2 protein chains.
Amino acid sequence: MTIPGTTTYTLTVGEVAAASGAAPSAVRFYEQHGVIQAVRTSGDQRRFSADAACRIRVAKVAQRVGLTVREIADVFADLPEDPEPGDWGRIADTLVREAEERMAALRAHLEQMRSGGRLCEM
Amino acid sequence: MTIPGTTTYTLTVGEVAAASGAAPSAVRFYEQHGVIQAVRTSGDQRRFSADAACRIRVAKVAQRVGLTVREIADVFADLPEDPEPGDWGRIADTLVREAEERMAALRAHLEQMRSGGRLCEM
DNA sequence: CCTTGACTTCAACAATGGTTGAACGACGAG
DNA sequence: CTCGTCGTTCAACCATTGTTGAAGTCAAGG
């Protein structure tokens, strides 16, 4: 168990980029938009904690199901510093629920079309 | 049953816009990008068939699940003129399958995270 | 200490998905 | 035939999601 408030911010932009598969520019972009957090060194360089790369990987998959960077950042905003598995679980649920709702809307629309028959011919 | 090659192109941009809930500018945009088709009057005005509004409504929902306009246009490209319910059925399946795959990727990623435990703490 | 590579910011560019406005043409009701 | 509404194109602009390059700074190894 990690001691609360002991999150270590040690990773550089390049390290997070390598670990997440994103370009360094994208890592900075995600930080600017609240998807990940960083502290600054005395020399003004970003230092990330280990979950940054994970957040980015999740963000990339979430983007594929139609969530915007802002929406993803909003979901992640509920994560405490140094999140526990349970915290991630709730985030996962939120993301899946949101995606499911969109899927349901797609399905419902297509189903209505299918059953309506002439719906698309008016 | 409609006689093949008898699709009637009678709807104006404004009518399709009203029927689909999209702005007229968006209707033109979707036509430019192959989501819908139009014929031109002698006076160079667009005339759409009845399925245009339907395609747009489907496109809007599909965009919400992460499909791009290009991808949606590609899916619709398989629709014949004056499509029958069966044709729409296959389109619907394609869209749902694509969306499902993205959902599955999201789920898989989140599940891996959940079970990995320390995956996000490295 | 000094070099080198990785970091910093900032601005420009790009692609996607549109909206808005100007200037002008088409079409239908009266 | 004329009027008003709707259509046309084109260019500019907007937000989103980044990438690229310039100019300069930090940090770690020799």
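To find a chain, count down the sequence lines: A is the first, B the second, and so on, and within it residues start at 1. Fair warning: this is a prediction, and the values are worked out from it, not measured in the lab. The figures that follow rest on heavy atoms only: side chains count, while hydrogens, waters and symmetry mates do not.
Atom P of nucleotide dG17(C) and atom CD of Gln63(B) are separated by 6 Å, given to the nearest angstrom. Going from atom CD of Glu15(A) over to atom P of dA27(D) covers 14 Å, rounded to whole Å. The distance between atom CZ of Phe48(B) and atom P of dG7(D), rounded to the nearest whole Å, is 10 Å. For Leu67(B) and dT16(C), the CG to C1' distance is 14 Å, given to the nearest whole Å.
The side chain of Thr12(A) has dC7(C) as its nearest neighbour among dG18(D), dG17(C), dC7(C). Closest contact between the side chain of Val13(A) and the listed nucleotides dT16(C), dT8(C), dG18(D) involves dT8(C). Side-chain atoms of Arg40(A) lie closest to dT9(C) of the nucleotides dG18(C), dT9(C), dT17(D).
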Return a table of donor-acceptor pairs under 3.5 angstrom between the side chains of residues 16-28 of chain A and protein atoms on other chains or two or more places apart.
residue	atom	partner	partner atom	Å
Ser20(A)	OG	Val16(A)	O	2.8
Ser20(A)	OG	Ala17(A)	O	3.3
Ser20(A)	OG	Ala22(A)	N	3.2

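Annotation: side chain of Tyr30(A) is in contact with side chain of Lys60(A) (closest heavy-atom distance under 4.5 Å). A heavy-atom distance below 4.5 Å is not found between the side chains of Arg57(A) and Met113(B).
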Query - Letter per nucleotide, 5' to 3', of nucleotides 25-30 of chain C [B base touched, S only sugar-phosphate touched, - untouched; heavy atoms, 4.0 Å] - result: BSS---

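In this model, the phosphate group of dC7(C) is not approached by any side-chain N or O of Arg46(A) to a distance below 4.0 Å at OP1 or OP2.
Annotation: ring-ring contact (aromatic ring centres under 6.0 Å, His included) contacts involving residues 31-72 of chain A, sequence neighbours excluded, comprise Phe29(A)-His33(A). A salt bridge (charged side-chain N to carboxylate O under 4.0 Å, His left out) check over residues 70-80 of chain B, counting only residues at least two apart or in different chains, returns the pairs Glu71(B)-Arg102(B).
The salt bridge (Lys or Arg N to Asp or Glu O under 4.0 Å) test with Asp44(A) singles out one residue from Arg40(A), Arg47(A), Arg46(A), and that residue is Arg40(A).
Without hydrogens or angle criteria, Glu15(A) side chain to Thr12(A) main chain gives a donor-acceptor distance under 3.5 Å. With Arg55(B) contributing its side chain and Ile36(B) its backbone, the two residues share no donor-acceptor pair below 3.5 Å.
Near DNA chain C, meaning a heavy atom under 4.0 Å from it, residues 21-34 of chain A has Arg28(A) in order of number.
Note on Leu11(B): it does not cluster hydrophobically with Tyr9(B), by side-chain heavy-atom contacts below 4.5 Å among ILVMFWY residues.
Distance CD/Glu84(B) to CG/Leu79(B): 11.0 Å, rounded to 0.5 Å.
Axis deviation across the helix from dC1(C)-dG30(D) to dG30(C)-dC1(D) amounts to 0°, comparing end segments of five pairs, rounded to 10 degrees.
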**Report entry** Criterion side chain to side chain contact (heavy atoms under 4.5 Å, CB included) on Trp88(B) and Leu110(A), from CA distance to verdict
**Finding:** CA-CA 8 Å; Trp88(B) 278 110; Leu110(A) 293 173; over 6 Å; no

